[in-house]
**Student:** 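Take a look at this one; I'll ask things after.
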Amino acid sequence: MKRVVVTGGAGYIGSHTIIELVNSGYSPIVLDNFSNAKREVLAGLKAILEFEPHVEEVDCTDRSALFSAFERITSGETIDGIIHFAAFKAVGESTLMPLKYYSNNIASTVNILEAAKRFDVSDFVFSSSCTVYGQPETIPVDESTPVRGADSPYGYTKQVCERIITDFVRSGYPLKAALLRYFNPIGAHPSGHIGELPLGTPDNLIPYLTQAAAQLREPLTVFGNDYPTPDGTCIRDYIHVLDLAKAHVAALNWLGGQGTTCEAFNLGTGQGHSVLEVMRAFERTTGVPVPHRIGPRRTGDIAAIFADTSKARRELGWSCQFNLEDALRDAWNWQQSTVD
Ligand code: NAD
Ligand code: UD1
């Protein structure tokens, strides 16, 4: 079995990827400091997998602790790949606490690359974001779209980390790297055992929407209806987290057949949906109304973006199996299971 270290493996996307790795015959090792994950996620993973995955509690910014964890993990065996999810991800918070984001996200990436070098791991998958494109001039965006000046420290950490990985490969080190640029991951495992666990008031649309629908929050504020889009609300590319998780397996499989490389891939559905379309799709799928009001625009939001996914389809042999309704149904199922 191929062994894969998954940093941030207790987080939202990481935990779903653990399931898909196991389903595809990989042996994943979770490496997380639980700074943005609850330990309950491990019980959720156990309920789905019927065994407890190997977990190393470690902070990736602590290089010596990280190397010790790698020593324990290897213990004479090879590590076939690393998927590096561990990072802070709240855009708004990053503008208030930039150093927190620069030190965590960038130091973690440098340290994990050092660990790859020290422990001879050649296959490396990095969690990037469509935020690297800013507001592109044409949509859908493909990977040749220029990366724009970042709007937030969070976005800048993704650009810097992509550059660090690219430079490491250019330096001649035989790394095989896939930079995965996620669009908007939503939804949850259909079992209801794992999902997104935002701490405090959610900033992102779907967790806020489901909590508002469950009457746990004030009505949803639609951030602006005067954008240059058909209904005036922003358009995004919402991808089911399980499809995203499967893309990581596809990326690892692809890396296995490559020489030294560093390639970026867009991971989205290729379909854009407006905020109002998402709300109506949720109501149609679940039969539950979403209390809402139209509010002002949110600073920093772009009008519209969605992915051209042809490269991932062509190179990785991957495409989405779930649609928006599936993702909203699973997000609602997860929301209900968290209040039981
Ligand atoms: P998450 O916060 O749920 O998961 C991140 C995990 O990393 C958490 O479990 C956290 O405890 C852990 N972590 C953070 N810093 C760490 C450190 N120094 N050492 C060890 N563990 C650490 O976030 P997510 O939504 O699962 O996102 C995963 C990755 O995908 C992140 O890199 C994020 O920037 C990127 N991403 C997410 C989205 C999104 O909408 N969720 C979009 C684009 C990119
Ligand atoms: C944001 C980040 C992106 C990051 C992602 C995951 C920005 C500009 N982008 O994406 O870099 O990778 O989160 O953390 O911050 N909306 C509402 N009401 C709400 C919440 C959201 O109308 O209460 C709207 C937003 O205006 C947006 C859409 O819903 O049009 C999606 O918002 P959100 O889920 O926050 O994701 P992004 O802003 O696309």
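Both ligands and their constituent atoms are indexed starting at 1 by order of listing.
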**Student:** Measure the distance from atom 14 (C) of ligand 1 to every protein heavy atom, then report the residue, atom name and distance (to 0.1 Å) of the closest one.
**Tutor:** Ser35 OG, 3.4 Å

**Student:** My understanding is that only residues two or more places apart in sequence, or in another chain, count here; which of them pass side-chain contact (heavy atoms from CB on, under 4.5 Å) with Pro190?
**Tutor:** Leu242, Asp330

**Student:** What residue and atom, counting heavy atoms only, is the protein's closest point to atom 12 (O) of ligand 2, and at what distance?
**Tutor:** Ser129 OG, 3.4 Å

**Student:** Measure the distance from atom 26 (O) of ligand 2 to every protein heavy atom, then report the residue, atom name and distance (to 0.1 Å) of the closest one.
**Tutor:** Asp301 OD2, 2.6 Å

**Student:** Which residue supplies the protein heavy atom nearest to atom 4 (O) of ligand 1, what is that atom called, and how far is it?
**Tutor:** Gly11 CA, 3.4 Å

**Student:** Show me which atoms of ligand 1 lie under 4.0 Å from any heavy atom of Ala10.
**Tutor:** 9 (O)

**Student:** Can you name the closest pair of heavy atoms from Gln335 and Thr210 and give their distance?
**Tutor:** OE1-OG1, 3.1 Å

**Student:** Relative to each other, are the rings of Trp332 and Phe282 parallel, tilted or perpendicular (30° and 60° limits)?
**Tutor:** perpendicular

**Student:** Can you name the nearest heavy-atom pair linking Gln135 to Ala304, along with the distance?
**Tutor:** NE2-O, 3.0 Å

**Student:** May I ask you to identify the nearest protein heavy atom to atom 19 (N) of ligand 1, giving residue, atom name and distance to one decimal place in Å?
**Tutor:** Cys60 N, 2.9 Å

**Student:** Check this for me: Arg163, atom CZ, are more than 12 non-hydrogen atoms of other residues, nucleotides or ligands nearer than 6.0 Å?
**Tutor:** no

**Student:** What protein heavy atom is closest to atom 28 (C) of ligand 2, reported as residue, atom name and distance in Å?
**Tutor:** Tyr238 OH, 3.4 Å

**Student:** Would you sort out whether Thr233 and Asn225 count as a side chain to side chain donor-acceptor pair (under 3.5 Å), showing the intermediate values?
**Tutor:** CA-CA 5 Å; Thr233 65; Asn225 66 350; over 6 Å; no

**Student:** Can you find an N or O of Ser128 that's nearer than 3.5 Å to an N or O of ligand 1?
**Tutor:** no

**Student:** Only heavy atoms of Phe34, strictly under 4.0 Å: list the atoms of ligand 1 that pass.
**Tutor:** 11 (O)

**Student:** So, are Lys246 and Asp243 salt-bridged, with charged N and O less than 4.0 Å apart?
**Tutor:** no

**Student:** Do Ser108 side-chain atoms and Asn105 backbone N/O form a donor-acceptor pair below 3.5 Å?
**Tutor:** no

**Student:** Using a 4.0 Å heavy-atom cut-off, say whether Cys130 meets ligand 1 through its side chain, its backbone, both or neither.
**Tutor:** neither

**Student:** Which atoms of ligand 1 have any heavy atom of Ser129 under 4.0 Å away?
**Tutor:** 43 (C), 44 (C)

**Student:** More than 12 non-hydrogen atoms from neighbouring residues, nucleotides or ligands closer than 6.0 Å to CD on Glu283, yes or no?
**Tutor:** yes

**Student:** State plainly whether one hydrophobic cluster holds both Leu21 and Val55, where clusters connect Ile, Leu, Val, Met, Phe, Trp and Tyr through side-chain heavy atoms under 4.5 angstrom apart.
**Tutor:** yes

**Student:** Go through ligand 1 atom by atom and flag the ones less than 4.0 Å from a non-hydrogen atom of Ala37.
**Tutor:** 9 (O), 11 (O)

**Student:** What is the nearest protein non-hydrogen atom to atom 8 (C) of ligand 2, stated with its residue, atom name and distance?
**Tutor:** Gly300 O, 3.6 Å

**Student:** Is Phe223 in polar range of ligand 2, meaning some N or O pair under 3.5 Å apart?
**Tutor:** yes

**Student:** Are the charged groups of Arg181 and Glu162 less than 4.0 angstrom apart, N to O?
**Tutor:** yes

**Student:** Give me the nearest non-hydrogen protein atom to atom 34 (O) of ligand 2 as residue plus atom name, then the distance to 0.1 Å.
**Tutor:** Leu205 N, 2.8 Å

**Student:** For ligand 1, which atoms have a heavy atom of Ser127 less than 4.0 angstrom away?
**Tutor:** 29 (C), 30 (O), 32 (O), 35 (C)

**Student:** Checking the N or O distance criterion of under 3.5 Å, is ligand 2 in contact with Leu220?
**Tutor:** no

**Student:** How far is atom 31 (C) of ligand 1 from its nearest protein heavy atom, and which residue and atom is that?
**Tutor:** Phe85 O, 3.1 Å

**Student:** Please check if the side chain of Thr229 supplies one atom and the backbone of Gly232 the other of a donor-acceptor pair under 3.5 Å.
**Tutor:** yes

**Student:** Show me which atoms of ligand 1 lie under 4.0 Å from any heavy atom of Asp59.
**Tutor:** 17 (C), 18 (N), 19 (N)

**Student:** Please work out which of Tyr154, Tyr12, Phe183 has its closest non-hydrogen atom nearest to atom 4 (C) of ligand 2.
**Tutor:** Tyr154

**Student:** Identify the protein heavy atom lying closest to atom 22 (C) of ligand 1, giving its residue, its atom name and the separation to 0.1 Å.
**Tutor:** Asn33 OD1, 3.0 Å

**Student:** May I have the step-by-step check of side chain to side chain contact (heavy atoms under 4.5 Å, CB included) for Val169 and Thr260, ending in yes or no?
**Tutor:** CA-CA 7 Å; Val169 173; Thr260 302; 3.7 Å; yes

**Student:** Can you name the atoms of ligand 2, numbered from 1 with element, that are less than 4.0 Å from a heavy atom of Cys234?
**Tutor:** 30 (O)

**Student:** What part of Ala86 sits under 4.0 Å from ligand 1 if we count only heavy atoms: the side chain, the backbone, both or neither?
**Tutor:** both

**Student:** Salt bridge (Lys or Arg N to Asp or Glu O under 4.0 Å): which pairs involve residues 80-94, sequence neighbours left out?
**Tutor:** Lys89-Glu196, Glu93-Lys100

**Student:** Just heavy atoms, cut-off under 4.0 Å: does Arg236 contact ligand 2 by side chain, backbone, both, or neither?
**Tutor:** side chain

**Student:** Check if Asn105 has a non-hydrogen atom at a distance under 4.0 Å from any atom of ligand 1.
**Tutor:** no

**Student:** Using 30° and 60° as the class limits, which term best fits the ring planes of Phe119 and Phe67: parallel, tilted or perpendicular?
**Tutor:** perpendicular

**Student:** Could you identify the single nearest non-hydrogen protein atom to atom 26 (O) of ligand 1 and state the distance to 0.1 Å?
**Tutor:** Ile13 N, 2.8 Å

**Student:** Go through Tyr182 and His248 one step at a time and tell me if the ring pair (Phe, Tyr, Trp, His ring centres under 6.0 Å) criterion holds.
**Tutor:** CA-CA 11 Å; Tyr182 311 156; His248 291 75; 5.4 Å; yes

**Student:** Is the ring centre of Phe265 less than 6.0 Å from the ring centre of Trp254?
**Tutor:** yes

**Student:** With respect to Phe88, which candidate in Tyr101, Tyr102, Tyr154 satisfies the ring-ring contact (aromatic ring centres under 6.0 Å, His included) definition?
**Tutor:** Tyr101

**Student:** Starting from atom 36 (O) of ligand 2, find the nearest protein heavy-atom neighbour and note its residue, name and distance.
**Tutor:** Asn184 ND2, 3.2 Å

**Student:** For atom 9 (N) of ligand 2, find the nearest protein heavy atom and state the residue, atom name and distance (0.1 Å precision).
**Tutor:** Val91 CG2, 4.0 Å

**Student:** Give me the one residue out of Gln271, Glu277, His273 that meets side chain to side chain contact (heavy atoms under 4.5 Å, CB included) with Leu324.
**Tutor:** His273

**Student:** Measuring from the heavy atoms of Glu196, does anything fall under 4.0 Å of ligand 1?
**Tutor:** no

**Student:** For the pair Ser24 (side chain) and Tyr26 (backbone), establish whether a donor and an acceptor sit closer than 3.5 Å, ignoring hydrogens and angles.
**Tutor:** no

**Student:** Do me a favour and list the nearest non-hydrogen protein atom to atom 34 (O) of ligand 1 with residue, atom name and distance?
**Tutor:** Tyr154 OH, 2.8 Å

**Student:** For atom 8 (C) of ligand 1, what's the nearest protein heavy atom and its distance?
**Tutor:** Asp32 OD2, 3.6 Å

**Student:** Measuring from atom 36 (N) of ligand 1, which candidate in Tyr101, Phe183, Tyr182 has the nearest non-hydrogen atom?
**Tutor:** Tyr182

**Student:** Who's the nearest protein heavy-atom neighbour of atom 18 (N) of ligand 2, and how far?
**Tutor:** Thr221 O, 2.7 Å

**Student:** Return the option from Asp203, Asn204, Ile302 holding the heavy atom at the smallest distance from atom 33 (P) of ligand 2.
**Tutor:** Asn204

**Student:** Give the single entry among Thr131, Asn36, Asn104, Val58 that approaches atom 15 (N) of ligand 1 most closely by any heavy atom.
**Tutor:** Asn104

**Student:** Should you measure from each heavy atom of Ser108, which atoms of ligand 1 turn up under 4.0 Å away?
**Tutor:** 18 (N)

**Student:** Under 3.5 Å, N or O to N or O, is Arg298 touching ligand 2 that way?
**Tutor:** yes

